[in-house]
Amino acid sequence: MRRIVLMLTCCWLALGLAACDYTTREAAIVAPVDPPGGDPVQEPTDVKYYPSDEPVRLGLEHFNRGSYGLSQRYFKDAVEKSPKDVTAWIGLAASYDRLRRFDLADQAYARAIRLGGETVQILNDQGYSYMLRGNLSAARRKFEKAYSLDPGNPVIANNLELLNGSRRFIERPPNNQP
(Lines give C-alpha, C1' and ligand atoms only; values in the text may rest on other atoms or scores of the structure.)
Protein backbone atom coordinates (compact mmCIF):
# COMPACT_ATOMS: atom_id res chain seq x y z
CA MET A 1 0.00 0.00 0.00
CA ARG A 2 2.87 2.30 0.76
CA ARG A 3 4.35 1.68 -2.62
CA ILE A 4 1.14 2.61 -4.34
CA VAL A 5 0.85 5.89 -2.38
CA LEU A 6 4.49 6.66 -3.09
CA MET A 7 4.05 5.97 -6.81
CA LEU A 8 0.89 8.10 -6.99
CA THR A 9 2.68 10.95 -5.20
CA CYS A 10 5.58 10.76 -7.62
CA CYS A 11 3.23 10.72 -10.59
CA TRP A 12 1.36 13.79 -9.36
CA LEU A 13 4.64 15.54 -8.70
CA ALA A 14 5.97 14.66 -12.15
CA LEU A 15 2.73 15.79 -13.75
CA GLY A 16 2.88 19.10 -11.84
CA LEU A 17 6.48 19.72 -12.88
CA ALA A 18 5.72 18.84 -16.49
CA ALA A 19 2.97 21.45 -16.54
CA CYS A 20 5.44 24.23 -15.62
CA ASP A 21 6.68 26.32 -18.55
CA TYR A 22 10.00 27.24 -16.97
CA THR A 23 12.29 25.72 -14.45
CA THR A 24 13.52 27.84 -11.59
CA ARG A 25 16.81 28.38 -13.34
CA GLU A 26 15.14 29.52 -16.54
CA ALA A 27 12.81 31.84 -14.64
CA ALA A 28 15.79 33.50 -12.94
CA ILE A 29 17.47 34.08 -16.28
CA VAL A 30 14.38 35.54 -17.99
CA ALA A 31 13.11 37.58 -15.00
CA PRO A 32 12.83 41.30 -15.72
CA VAL A 33 15.40 43.58 -14.10
CA ASP A 34 12.78 46.11 -12.97
CA PRO A 35 9.78 44.32 -11.50
CA PRO A 36 6.43 45.83 -12.41
CA GLY A 37 5.20 48.39 -9.91
CA GLY A 38 8.62 49.81 -9.07
CA ASP A 39 11.47 48.66 -6.91
CA PRO A 40 10.20 47.22 -3.62
CA VAL A 41 13.48 48.05 -1.90
CA GLN A 42 13.67 51.62 -0.66
CA GLU A 43 16.94 53.48 -0.93
CA PRO A 44 18.03 55.44 2.17
CA THR A 45 17.97 58.67 0.17
CA ASP A 46 14.34 58.06 -0.82
CA VAL A 47 13.08 57.91 2.75
CA LYS A 48 11.26 61.04 3.84
CA TYR A 49 12.01 62.15 7.41
CA TYR A 50 9.10 63.28 9.52
CA PRO A 51 10.59 64.62 12.74
CA SER A 52 8.85 64.06 16.03
CA ASP A 53 8.29 66.70 18.66
CA GLU A 54 10.83 65.04 20.95
CA PRO A 55 13.57 67.71 20.57
CA VAL A 56 11.07 70.54 21.16
CA ARG A 57 9.57 68.74 24.15
CA LEU A 58 13.01 68.15 25.67
CA GLY A 59 14.04 71.73 24.89
CA LEU A 60 11.00 73.08 26.72
CA GLU A 61 11.57 70.72 29.63
CA HIS A 62 15.20 71.79 30.07
CA PHE A 63 14.33 75.46 29.59
CA ASN A 64 11.73 75.26 32.36
CA ARG A 65 14.30 73.58 34.61
CA GLY A 66 16.77 76.38 33.97
CA SER A 67 19.21 74.24 31.96
CA TYR A 68 19.53 76.72 29.13
CA GLY A 69 22.57 75.09 27.54
CA LEU A 70 20.72 71.81 27.15
CA SER A 71 17.56 73.52 25.98
CA GLN A 72 19.61 75.37 23.35
CA ARG A 73 20.99 72.04 22.10
CA TYR A 74 17.56 70.47 21.79
CA PHE A 75 15.98 73.51 20.15
CA LYS A 76 18.89 73.72 17.71
CA ASP A 77 18.35 70.04 16.88
CA ALA A 78 14.65 70.77 16.37
CA VAL A 79 15.23 73.65 13.95
CA GLU A 80 17.76 71.60 12.01
CA LYS A 81 15.25 68.78 11.62
CA SER A 82 12.27 71.04 10.99
CA PRO A 83 13.38 74.51 9.86
CA LYS A 84 9.80 75.81 9.53
CA ASP A 85 8.85 75.14 13.17
CA VAL A 86 8.18 78.55 14.70
CA THR A 87 7.97 77.14 18.24
CA ALA A 88 11.44 75.66 17.93
CA TRP A 89 12.86 78.97 16.66
CA ILE A 90 11.28 80.91 19.53
CA GLY A 91 12.61 78.38 22.03
CA LEU A 92 16.06 78.59 20.49
CA ALA A 93 15.99 82.40 20.67
CA ALA A 94 14.87 82.37 24.31
CA SER A 95 17.61 79.88 25.16
CA TYR A 96 20.19 82.09 23.48
CA ASP A 97 18.87 85.05 25.50
CA ARG A 98 19.40 83.20 28.76
CA LEU A 99 22.91 82.22 27.63
CA ARG A 100 23.55 85.90 26.84
CA ARG A 101 24.13 85.15 23.15
CA PHE A 102 22.02 88.05 21.99
CA ASP A 103 23.46 88.08 18.48
CA LEU A 104 22.22 84.53 17.90
CA ALA A 105 18.94 85.30 19.65
CA ASP A 106 18.28 88.17 17.23
CA GLN A 107 18.86 85.84 14.29
CA ALA A 108 16.48 83.23 15.71
CA TYR A 109 13.79 85.84 16.41
CA ALA A 110 14.16 87.17 12.86
CA ARG A 111 13.68 83.66 11.48
CA ALA A 112 10.61 83.10 13.66
CA ILE A 113 9.11 86.40 12.48
CA ARG A 114 9.74 85.48 8.84
CA LEU A 115 7.91 82.18 9.39
CA GLY A 116 5.02 83.27 11.59
CA GLY A 117 4.90 87.06 11.69
CA GLU A 118 5.16 89.30 14.73
CA THR A 119 3.06 87.39 17.23
CA VAL A 120 2.35 88.44 20.80
CA GLN A 121 4.73 85.79 22.11
CA ILE A 122 7.59 86.86 19.87
CA LEU A 123 7.11 90.55 20.74
CA ASN A 124 7.02 89.72 24.44
CA ASP A 125 10.12 87.52 24.19
CA GLN A 126 11.97 90.18 22.23
CA GLY A 127 11.04 92.74 24.87
CA TYR A 128 12.40 90.46 27.57
CA SER A 129 15.56 89.99 25.51
CA TYR A 130 16.07 93.76 25.31
CA MET A 131 15.42 94.03 29.03
CA LEU A 132 18.13 91.42 29.72
CA ARG A 133 20.53 93.48 27.61
CA GLY A 134 19.71 96.66 29.48
CA ASN A 135 18.05 98.33 26.49
CA LEU A 136 14.96 99.33 28.44
CA SER A 137 13.44 101.72 25.91
CA ALA A 138 13.49 99.06 23.17
CA ALA A 139 12.06 96.58 25.68
CA ARG A 140 9.24 99.00 26.50
CA ARG A 141 8.39 99.44 22.80
CA LYS A 142 8.17 95.67 22.28
CA PHE A 143 6.14 95.11 25.46
CA GLU A 144 3.72 97.91 24.58
CA LYS A 145 3.25 96.59 21.07
CA ALA A 146 2.56 93.10 22.46
CA TYR A 147 0.20 94.58 25.07
CA SER A 148 -1.73 96.46 22.39
CA LEU A 149 -2.30 93.14 20.57
CA ASP A 150 -3.32 91.25 23.74
CA PRO A 151 -4.19 93.58 26.64
CA GLY A 152 -5.43 90.76 28.86
CA ASN A 153 -2.18 88.78 28.77
CA PRO A 154 -0.85 88.50 32.34
CA VAL A 155 2.70 87.69 31.23
CA ILE A 156 3.00 90.91 29.27
CA ALA A 157 1.45 92.90 32.11
CA ASN A 158 3.94 91.32 34.52
CA ASN A 159 6.87 92.16 32.24
CA LEU A 160 5.69 95.77 31.99
CA GLU A 161 5.49 95.95 35.79
CA LEU A 162 8.98 94.48 36.00
CA LEU A 163 10.19 97.07 33.54
CA ASN A 164 8.46 99.87 35.44
CA GLY A 165 10.22 98.71 38.58
CA SER A 166 13.53 99.54 37.01
CA ARG A 167 15.22 102.57 38.55
CA ARG A 168 15.47 104.28 35.16
CA PHE A 169 11.70 104.41 34.90
CA ILE A 170 10.80 105.20 38.50
CA GLU A 171 8.81 108.37 38.58
CA ARG A 172 9.45 110.61 41.58
CA PRO A 173 8.07 114.04 42.23
CA PRO A 174 10.67 116.78 41.86
CA ASN A 175 10.28 117.87 45.53
CA ASN A 176 11.12 114.40 46.79
CA GLN A 177 14.88 114.82 46.76
CA PRO A 178 17.27 113.94 49.56
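Everything numeric in this text was worked out from a predicted model, so none of it was measured. Numbering of residues begins at 1 and proceeds along the displayed sequence.
- Cluster membership check: L149 shares its hydrophobic cluster with F143, using side-chain heavy-atom separations under 4.5 Å among Ile, Leu, Val, Met, Phe, Trp and Tyr.
- Taking 4.5 Å as the limit, every side-chain heavy atom of H62 sits out of range of all side-chain heavy atoms of S95.
- Annotation: side chain to side chain contact (heavy atoms under 4.5 Å, CB included) contacts of A110 (sequence neighbours excluded): R114.
- Taking the side chain as every heavy atom from C-beta outward, M131 and Y128 approach each other to under 4.5 Å.
- The nearest pair of heavy atoms linking L115 to P83 is CD1-O, 3.4 Å.
- Under a hydrophobic clustering in which Ile, Leu, Val, Met, Phe, Trp and Tyr are joined whenever their side-chain heavy atoms come within less than 4.5 Å, directly or via other members, V86 and L104 fall into the same cluster.
- Here the straight-line distance linking atom CG of D97 with atom OH of Y130 works out to 10.0 Å at 0.5 Å rounding.
- Residues that satisfy the side chain to side chain donor-acceptor pair (under 3.5 Å) test with D125, not counting sequence neighbours, are absent from this structure.
- Taking the six-membered ring for Trp, F63 and Y68 have ring centres closer than 6.0 Å.
- Rounded to the nearest 0.5 angstrom, I90 CD1 and I122 CD1 are separated by 4.0 Å.
- With contacts defined as side-chain heavy-atom distances shorter than 4.5 Å, the pair F102/L132 qualifies.
- Open room surrounds CZ on R101; 12 or fewer heavy atoms of other groups in view lie less than 6.0 Å from it.
- Contact between S71 and G59 at its shortest, heavy atoms only, is CB-O, 3.2 Å.
- Put simply, the side chain of N124 does not reach to within 4.5 Å of the side chain of K142, judged on heavy atoms.
- Between the CG atom of N153 and the CD atom of Q121 there is a distance of 9.5 Å, given to the nearest 0.5 Å.
- To the nearest 0.5 Å, the span separating CG on L160 from CZ on R140 amounts to 6.5 Å.
- Residues I113 and Q126 meet the side-chain proximity criterion, which asks for heavy atoms closer than 4.5 Å.
- Looking only at distances, a side-chain donor or acceptor of N64 sits under 3.5 Å from a matching main-chain atom of L60.
- Taking CG of D85 as the reference point, atom CG of L92 lies at 11.0 Å (rounded to 0.5 Å).
- Using a 4.5 Å cut-off between side-chain heavy atoms of Ile, Leu, Val, Met, Phe, Trp and Tyr, with links allowed through other members, V155 and V120 fall into different hydrophobic clusters.
- Contact of the P55 side chain with the D53 side chain is not registered, since no non-hydrogen atoms from C-beta on lie closer than 4.5 Å.
- Its side chain within the 4.5 Å cluster rule, L58 clusters with Y74 among the Ile, Leu, Val, Met, Phe, Trp and Tyr residues.
- Note that CD of Q107 is 8.5 Å distant from CH2 of W89, once rounded to the nearest 0.5 Å.
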